[in-house]
Chemist: 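Dropping the structure in here first, questions after.
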Amino acid sequence: MFRLTKTCGRARRGEFTCAHGMVQTPVFMNVGTQGAIKGALSAEDLAEIGCQVELSNTYHLHLRPGDELVRDLGGLHRFMTWDGPILTDSGGFQVFSLAGLRKIKEEGVTFASHLDGHRIFMGPEESMRIQANLGSDIAMAFDECVENPSPYDYVRASAARTARWLARCKAEHDRLCAQEDTVNPAQMLWGINQGGTYEDLRIENMKTIAGLDLPGYAIGGLAVGESTEAMYKIIEAVEPYMPKDRPRYLMGVGTPSNILEGVARGIDFFDCVMPARNARHGRLFTWEGAINIKNAKYERDESPIDPRCGCPTCRRFSRAYLHHLFKAEEMLGMRLAVLHNLYFYNELTARIRTALEVGDFAAFRAEYSEKLARKI
RNA sequence: GGGGGAAUUCCCGAGUGGCCAAAGGGGACAGACUGUAAAUCUGCUGUCAAUGACUUCGGUGGUUCGAAUCCACCUUCCCCCA
């Protein structure tokens, strides 16, 4: 399932295998919350930009079009015509992002739908059933993503509850996978570490969930209010307690520099809405830093977004053209920008993998960690 | 030829005596965005030695302590009647 092929300090190069293929790690997973990458990208585009894993969302697909409909149509892979690995997030992030629309109890969370306000109850069992219907390769545990900073006592109680929810997730997941008509009997369940910015809570929680012997572990509840330095500190504190032979996933992170620094701290899987969202807003990543294509200085710039980029956008189109498309609000501009940014993220992890293989990772990190964080 | 209406800061447009450097849009300029309620949100948009000063509301002159707002004439545009 997961095999480490090389390490460099805490950084790891590995291969992960699931029902829909092999994933080379470290990897960036491309976010398509509702079964599509925002910016008008299809599964076909995902292949072209080097995507290895697509990520979709339990809460959103449950609301629309409905997970039972997706199951009846053959599962999410068939529905969106993506044959590669899919990870589904559990709805735990919506406990954070839709904080004003939900109530948490021991049994689970009651949401007021952000679409029409109707009540939706989602607990560990519901989340597992929805993800089973979607047929993803990796189902994430249903957790509470707690905003930072939050009071110690609240975080301690919340992390303990999330750990109890994890045991319920595992029981329900095992039951569902054993059923005859299950969409993806090889679906895995990954656990999620919580504990806010408190190292002792993080470590205690990690020890507890590691005992469940799950095929993968994630660090959740980061990049939700704390500083970058605080985030790195937590990763460094928890990492030693994560099983060495299982993939580690840093949920929702992050900037190109965050990913590089995450790899350096022992992370294998990443995902983030940032490349797609920033692309839609005109902020494009390059190997020299991020540019804002809407800036007047690109009006007559005939060079590509990044001369070192091999993406479908950079192979053909100039900054001047992209600038025009954004100013004119042509949707092609957004699409070309998203193609570029996601290609860039996938290429970033590909170059990190190569650097790990040839033993250049430290040099690569030294060259790019600061450079990638620049805005130019 | 006769009658009526209008000219406001980059554009549209509110304002009809002091609370007006002038509402509100748009555009321009810039910023934010981290398991997506985000093709969204925020800032800024007369000048300067700048908690104040100066210039500005088609032009010129006037009334007034005070004028984008009132008066006279001029210019331009629009509408109606011939």
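Here the structure is a predicted model, which means the values were calculated and not measured.
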Chemist: State which of B/U34, B/G35, B/A30 makes the closest approach to the side chain of A/D89.
Modeler: B/G35
Chemist: Whom does B/G52 pair with, Watson-Crick or G-U wobble, provided both distances fall under 3.5 Å?
Modeler: B/C48
Chemist: Take atom C1' in B/G15 and the same atom in B/G25, then report the distance between them in whole Å.
Modeler: 15 Å
Chemist: A/H20 versus A/I86: any side-chain heavy-atom pair under 4.5 Å?
Modeler: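 No, every pair of side-chain atoms sits at 4.5 Å or beyond.
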Chemist: Looking only at side-chain N and O atoms, does A/K327 come under 4.0 Å of OP1 or OP2 in B/C29?
Modeler: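 It does, given that an N or O in the side chain of A/K327 lies less than 4.0 Å from OP1 or OP2 of B/C29.
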Chemist: Where the side chain of A/K38 is defined as all heavy atoms beyond and including C-beta, which of B/G31, B/A37, B/A38 is the nearest nucleotide?
Modeler: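 Closest of the options to the side chain of A/K38: B/A38.
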Chemist: Starting from P on B/U34, measure out to CG on A/L348 and report it in whole angstrom.
Modeler: 19 Å
Chemist: Please state the P separation for the pair B/C33 and B/A49 - nearest whole angstrom.
Modeler: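 Roughly 33 Å separates the two P atoms.
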Chemist: Any side-chain N or O of A/S97 below 4.0 angstrom from OP1/OP2 of B/U36?
Modeler: no
Chemist: Under 3.5 Å, side chain of A/R13 to main-chain N/O of A/T25, donor-acceptor pair present?
Modeler: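 Indeed, once roles are kept as given, a pair shorter than 3.5 Å links the two residues.
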Chemist: Rounded off to whole Å, could you give me the CG-to-P distance for the A/N258 and B/C33 pair?
Modeler: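 A/N258 atom CG is separated from B/C33 atom P by 11 Å.
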Chemist: Are any of the side-chain nitrogens in A/E229 or A/K233 under 4.0 Å away from the carboxylate oxygens of its partner?
Modeler: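 A/K233 and A/E229: not salt-bridged.
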Chemist: Would you please indicate if the ring centroids of A/F269 and A/F16 are separated by under 6.0 Å?
Modeler: yes
Chemist: If we take the C1' atom in both B/U9 and B/G61, what is their distance in whole Å?
Modeler: 24 Å
Chemist: Using whole Å, what does the distance between atom C1' of nucleotide B/A38 and atom CZ of A/R277 come to?
Modeler: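 A/R277 atom CZ is separated from B/A38 atom C1' by 5 Å.
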Chemist: Return yes if a side-chain donor-acceptor contact under 3.5 Å exists between A/T208 and A/E204, otherwise no.
Modeler: no
Chemist: Going by the angle between their ring planes, with limits at 30° and 60°, are A/F93 and A/F96 parallel, tilted or perpendicular?
Modeler: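 Tilted, since the angle between the ring planes falls between 30° and 60°.
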Chemist: Suppose we define a pair by two distances each less than 3.5 Å, Watson-Crick or G-U wobble; what does B/U63 pair with here?
Modeler: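 None - no nucleotide pairs with B/U63, as no candidate has both distances under 3.5 Å.
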Chemist: Applying a 4.0 Å non-hydrogen cut-off, can you work out what A/G333 is touching in the nucleic acid: base, sugar-phosphate, or nothing?
Modeler: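 Counting heavy atoms under 4.0 Å across all strands, no contact is made by A/G333.
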Chemist: If pairing requires Watson-Crick or G-U wobble contacts with both distances under 3.5 Å, which nucleotide is the partner of B/C77?
Modeler: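 Per the H-bond distance test, B/G5.
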Chemist: Can you check the A/Y232 OH to B/U34 P distance for me, whole Å?
Modeler: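 The answer, rounded to whole Å, is 15 Å.
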Chemist: Rounding to an integer number of angstrom, what distance separates B/C10 and B/C19 when you compare their C1' atoms?
Modeler: 28 Å
Chemist: Starting at atom NE2 of A/H323, determine the distance to atom P of B/A30, rounded to an integer number of angstrom.
Modeler: 8 Å
Chemist: Check this one for me: any side-chain N or O of A/K375 less than 4.0 Å away from OP1 or OP2 of B/C33?
Modeler: yes
Chemist: Expressed in whole Å, how much space separates the P atoms belonging to B/G46 and B/U40?
Modeler: 25 Å
Chemist: How far, in whole Å, is B/C12 from B/G27 if one measures between their C1' atoms?
Modeler: 10 Å
Chemist: Closest approach to the side chain of A/L98, judged atom by atom: which nucleotide of B/U34, B/U36, B/A37 is it?
Modeler: B/A37
Chemist: Which one of A/R265, A/R202, A/R248 satisfies the salt bridge (charged side-chain N to carboxylate O under 4.0 Å, His left out) criterion with A/E239?
Modeler: A/R248
Chemist: Out of B/A30, B/A32, B/U34, which has the shortest distance to the side chain of A/T255?
Modeler: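 Of the options given, the side chain of A/T255 lies nearest B/U34.
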Chemist: Examine B/G31: is either OP1 or OP2 under 4.0 Å from a nitrogen or oxygen in the side chain of A/N292? Give yes or no.
Modeler: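 Indeed, a polar side-chain atom of A/N292 lies that close.
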Chemist: Compare side-chain N and O positions of A/Q34 against OP1 and OP2 of B/U36 and report whether any pair is under 4.0 Å apart.
Modeler: no
Chemist: Is A/L101 touching bases, backbone alone, or none of the nucleic acid, heavy atoms closer than 4.0 Å?
Modeler: base
Chemist: Looking only at side-chain atoms of A/D271, point me to the closest of B/G35, B/C29, B/U36.
Modeler: B/G35
Chemist: With a 3.5 Å cut-off and no angle check, do the side chains of A/N205 and A/Y198 form a donor-acceptor pair?
Modeler: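 Side-chain D/A pair, A/N205 to A/Y198: absent.
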Chemist: Please check if the side chain of A/E106 supplies one atom and the backbone of A/R161 the other of a donor-acceptor pair under 3.5 Å.
Modeler: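 Checking the backbone N and O of A/R161 against the side chain of A/E106, no donor-acceptor pair under 3.5 Å is found.
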Chemist: Would you tabulate the pairs of protein nitrogen or oxygen atoms and nucleotide nitrogen or oxygen atoms of nucleotides 40-44 of chain B closer than 3.5 angstrom?
Modeler:
none

Chemist: Would you jot down, in residue-number order, the residues of residues 184-218 of chain A having a non-hydrogen atom under 4.0 Å from RNA chain B?
Modeler: A/I192, A/Q194
Chemist: Hey, which of these two, A/K297 or A/L222, hits RNA chain B nearer its 5' end, going by closest nucleotide?
Modeler: A/K297
Chemist: Without hydrogens or angle criteria, can the side chains of A/D306 and A/H340 be said to hold a donor-acceptor pair below 3.5 Å?
Modeler: no
Chemist: Report the relative orientation of the aromatic rings in A/F344 and A/F285; use parallel for angles under 30°, tilted for 30 to 60°, perpendicular for over 60°.
Modeler: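 Rings of A/F344 and A/F285: parallel, under 30°.
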Chemist: Ignoring hydrogens and geometry beyond distance, is the side chain of A/D143 in donor-acceptor contact with the base of B/G35 at under 3.5 Å?
Modeler: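 Side chain to base: pair found, below 3.5 Å.
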Chemist: Between B/C81 and B/U16, how far apart are the two C1' atoms, rounded to whole Å?
Modeler: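 Their C1' atoms lie roughly 30 Å apart.
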Chemist: State the pairing partner of B/G43; accept Watson-Crick or G-U wobble contacts with both distances under 3.5 Å, and report none otherwise.
Modeler: B/C29
Chemist: What is the distance, rounded to the nearest whole Å, between atom CZ of A/F96 and atom C1' of B/A38?
Modeler: 13 Å
Chemist: In the structure shown, which nucleotide is the Watson-Crick or G-U wobble counterpart of B/G24, with both distances under 3.5 Å?
Modeler: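 Pairing partner, where one exists within any strand: B/C12.
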Chemist: Using atom C1' in both nucleotides, what's the gap between B/A6 and B/C57 to the nearest angstrom?
Modeler: 14 Å
Chemist: Specify the separation, in whole Å, of atom CE of A/M29 and atom P of B/U34.
Modeler: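 One finds 17 Å between P of B/U34 and CE of A/M29, rounded.
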Chemist: Quiz question: by atom type and distance under 3.5 Å, do the side chains of A/S369 and A/E261 form a donor-acceptor pair?
Modeler: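 Yes, side-chain donor-acceptor contact under 3.5 Å.
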Chemist: Give me the one residue out of A/N30, A/T88, A/L46, A/V31 that meets side chain to side chain contact (heavy atoms under 4.5 Å, CB included) with A/E54.
Modeler: A/L46
Chemist: Can a side chain N or O of A/N278 be found less than 4.0 Å away from OP1 or OP2 on B/A32?
Modeler: no
Chemist: How many whole angstroms separate atom CE of A/M251 from atom P of B/U36?
Modeler: 8 Å
